[in-house]
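This report concerns only the one structure given below.
Letters A, B, ... mirror the listed sequences (proteins, then strands); counts begin at 1. These values consider heavy atoms only, across backbone and side chains, with no hydrogens, waters or symmetry-generated copies.
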There are 2 protein chains.
Amino acid sequence: MRPVTLKEIAKELGISVATVSKALKGYQDVSPKTRKRVLELTEKLNYSPNTAAISLRKQHTKTIGVIIPTIVHYFFSSVIEAIIKIADSKDYLVILLQSDENFELEKKQVNLLLSKGIDGLIISLSNHTRTYTHLKKLQDYNVPFVQIDKISKIVHSSKVIIDDRKAAYNAVSYLIEKGYKKIAHFRAGLNPQNSIDRYLGYKKALEDNDIPLDPSLVYICDNNRDFEDGIFNAEKMIKEHGNSVDAIFTVNDMLAIGAIHYFRNNDIKIPEEIAVFGFSNWFMSSVISPKLSTVNQDGSIMGEAAINVLFEEIENKRAGKPALNKTVVIDTDLVIREST
Amino acid sequence: MRPVTLKEIAKELGISVATVSKALKGYQDVSPKTRKRVLELTEKLNYSPNTAAISLRKQHTKTIGVIIPTIVHYFFSSVIEAIIKIADSKDYLVILLQSDENFELEKKQVNLLLSKGIDGLIISLSNHTRTYTHLKKLQDYNVPFVQIDKISKIVHSSKVIIDDRKAAYNAVSYLIEKGYKKIAHFRAGLNPQNSIDRYLGYKKALEDNDIPLDPSLVYICDNNRDFEDGIFNAEKMIKEHGNSVDAIFTVNDMLAIGAIHYFRNNDIKIPEEIAVFGFSNWFMSSVISPKLSTVNQDGSIMGEAAINVLFEEIENKRAGKPALNKTVVIDTDLVIREST
DNA sequence: TCAAATACCGAAAACCTTTTCGATTGTTAT
DNA sequence: ATAACAATCGAAAAGGTTTTCGGTATTTGA
């Protein structure tokens with residue numbers, strides 16, 4: 001059984017494909033009689049238009065692309081879920097790609113999507129993305145895109161982000177307020193903007209409270225296995241600093257959970273001997289023990305914002321106007337639990 | 001800037017589009033000279049073929065669909081990740097849709113994908129799917145699909161599953177072997193095949209060990225909020241049975257984690273006073289406290305298997321042969337941790 | 001030198017839909 | 001009765017690619 005086409009409908013009815021098409025599209029130059037006949041037959045045969053043909057003719061695909069570093073990730077999967085839901089409700093399909101924190105793959109995927117002819121793209125950059133010709137190419141070909149969460153500040157496009165610096169500042173300030181003085185930071189690699197901004201927020205909070213920054217308290221965790229990395233660096237920290245450290249602020253929850261794991265296994269009490277503050281508010285953070293204090297970064301809200309901005313850009317492009325390039329900043333808040 | 005087409009290449013070179021196309025495709029009836037010229041120009045202009053046109057002409061889309069109940073879910077996101085990776089490596093794109101455990105949505109999405117003209121579909125059924133006309137339709141139109149994890153036994157198609165019944169049987173047998181006698185079961189709704197089979201495995205294990213099944217120990221958790229449901233039913237169980245219950249076997253990890261949460265908050269020691277056995281081996285299970293014993297159900301492996309048999313089916317169809325309809329059963333094993 | 005074989009190329013159809021524009025029929029007004 | 005007009009329809013082109021088939025032009029063999 002093959003999908004029925006306009007031509008077959010037309011033949012069956014003894015009219016032209018043009019008329020069938022117009023009947024379906026509600027054109028006024030088709031008589032009520034034939035319109036009714038067309039509608040009935042298409043219904044009966046459950047005709048549905050050939051998407052490839054429409055794409056070819058109309059030069060759009062009703063499809064958007066999403067490229068993210070990792071799918072198995074609470075924050076990102078929440079983002080994806082929100083995007084897909086809203087896209088679906090507007091009859092857009094989404095093609096999902098995972099860059100796996102691999103820059104070459106990311107580049108290849110952008111090109112793939114470009115040749116596929118997507119109507120728009122939402123992208124969160126890999127940790128190793130340092131050049132942006134692939135994004136420029138999107139601009140060259142005038143396909144709207146919005147960066148989300150892990151962005152490049154230097155490429156012009158719409159963005160939806162949180163104020164990483166401020167959020168980190170608030171978290172560390174809270175720690176200081178609570179009396180913690182010697183505060184370590186588990187950061188991510190040197191590249192991703194997130195990592196930089198959160199570090200900067202950490203640094204600023206210390207400065208504003210007259211606590212000198214001790215570089216030996218800043219641990220770089222960038223081998224992509226956050227849980228193990230958390231364990232590893234917690235151990236390293238204890239070896240280097242004994243139990244003199246009051247608290248840790250980590251760049252993400254998974255690192256914090258790894259650290260907690262290590263501390264529990266070594267009978268280091270949380271938060272009595274050491275407090276732990278995470279970042280992202282993964283679901284897991286609320287069910288582990290002790291429950292993790294963290295910065296709430298809502299993936300659903302960010303995903304929703306991203307797809308909405310993208311639709312705005314698409315609409316905008318259709319109207320022939322230049323890109324909006326707006327950046328929307330999503331609020332975060334501190335969620336305080338047992339670990340601090 | 002618009003994507004360059006064959007026609008433009010041809011014009012520039014003063015040859016026909018047919019020749020350009022053939023040069024690109026490696027046909028033998030084009031001279032080395034002109035082939036070289038074509039290749040150079042397409043490279044320079046970085047030509048990439050229009051996907052819609054190819055789809056229209058070749059009657060395939062190099063795209064597969066994936067419909068699953070929930071994305072924010074460790075098991076399913078692992079499945080998705082594996083599918084996308086392998087698809088990507090074979091130059092297939094994947095369109096992801098979430099049915100949200102909503103049958104009507106699932107049906108709509110199948111139709112959407114059908115009209116989109118996907119080359120194949122991987123689907124995991126919603127909890128409320130009881131009729132299968134939408135799957136029949138896939139068969140009518142001869143689009144290959146494979147059911148994964150949450151399947152219907154009565155519709156003929158390729159499937160990749162685990163032996164839920166056996167896995168549950170093994171888990172409960174282990175519990176009994178360890179000396180637990182009064183074993184409760186937190187099951188899911190009455191419909192999904194998973195839930196039925198795991199319950200049946202539980203029942204069989206009891207029978208084979210001469211433990212009478214006590215229906216009051218079977219709790220149905222089907223309101224889609226597993227963590228809260230775990231808490232709720234743990235509390236209910238304690239109210240109804242005091243501390244006489246030795247162990248719980250839950251239909252999934254999240255329910256177990258909810259239950260553990262409740263027990264810890266009420267100073268009920270695990271596993272001393274009550275043991276908990278989960279199902280799926282979510283990552284979370286290995287980092288919570290106490291670490292959860294569970295059935296290991298590897299999403300990556302299942303996803304990989306699914307996409308591979310889908311490709312087999314697609315290949316098969318291309319060869320004009322009838323559907324394979326093979327069902328592959330993925331091994332599971334018990335991972336024993338602190339909770340038992 | 002001529003016939004046959006080969007190398008190379010292009011026209012055209014097909015995939016399916018949308019939309020413009022011209023054509024035809026029927027209707028109204030003068 | 002004729003002109004003007006409205007109503008209804010269809011031909012055709014366009015969107016980009018693939019592939020068959022036929023047609024030159026060139027080379028080979030005798």
A:Glu315 bridged to A:Arg318 by N-O distance under 4.0 Å: yes
Distance-only polar pair, side chains of A:Glu106 and A:Thr129, donor-acceptor under 3.5 Å: yes
Whole-Å gap separating P (C:dT17) and NZ (A:Lys62): 17 Å
Presence of A:Thr34 side-chain N/O under 4.0 Å of D:dC9 phosphate oxygens OP1/OP2: yes
d(CD1, B:Ile9; P, C:dC9) in whole Å: 16 Å
Whole-Å distance separating the CG atom of A:Leu24 from the P atom of C:dT17: 9 Å
Rounded distance in Å - CD1 (B:Ile54) to P (D:dG15): 17 Å
Below 4.0 Å: OP1/OP2 of D:dT8 and any side-chain N or O of A:Lys33: no
Rounded distance in Å - CG (A:Asn50) to C1' (C:dC16): 5 Å
Value in whole Å for how far the P atom of D:dG15 lies from CG of B:Leu6: 14 Å
Nearest-neighbour nucleotide for the B:Ser31 side chain, D:dT17, C:dC15, C:dC9 considered: C:dC9
C:dC16 OP1/OP2 closer than 4.0 Å to side-chain N/O of A:Tyr47: no
Salt-bridge criterion met for A:Lys150 and A:Glu101 (N-O under 4.0 Å): yes
Whole-Å distance separating the CG atom of A:Leu13 from the P atom of D:dG10: 10 Å
Salt-bridge contact A:Lys85-A:Glu304 (side-chain N to carboxylate O under 4.0 Å): no
d(CD1, B:Ile15; P, C:dA7) in whole Å: 19 Å
DNA chain C: 5'-proximal contact among B:Gln28 and B:Gln59 (nearest heavy atom): B:Gln28
NZ/NE/NH1/NH2 to OD/OE distance under 4.0 Å, B:Lys11 and B:Glu8: no
B:Arg2 vs D:dG16: side-chain N/O to OP1/OP2 distance below 4.0 Å: yes
Minimum-distance nucleotide (side-chain atoms of A:Ser16 versus C:dG10, D:dA11, D:dG16): D:dA11
Measure all distances between protein nitrogen or oxygen atoms and nitrogen or oxygen atoms of nucleotides 19-21 of chain D, and list the pairs falling under 3.5 Å.
{"unit_1": "D:dT19", "atom_1": "OP2", "unit_2": "B:Tyr27", "atom_2": "OH", "d": "2.9"}
{"unit_1": "D:dT19", "atom_1": "O4'", "unit_2": "B:Arg57", "atom_2": "NH2", "d": "3.4"}

Short side-chain N/O contact from B:Arg35 to OP1 or OP2 of C:dC9, under 4.0 Å: no
With sequence neighbours excluded, residues passing side-chain contact (heavy atoms from CB on, under 4.5 Å) with B:Lys137: A:Asn46, B:Asn111, B:Leu114, B:Tyr141
Residues A:Lys108 and A:Glu104 bridged, charged N to O under 4.0 Å: no
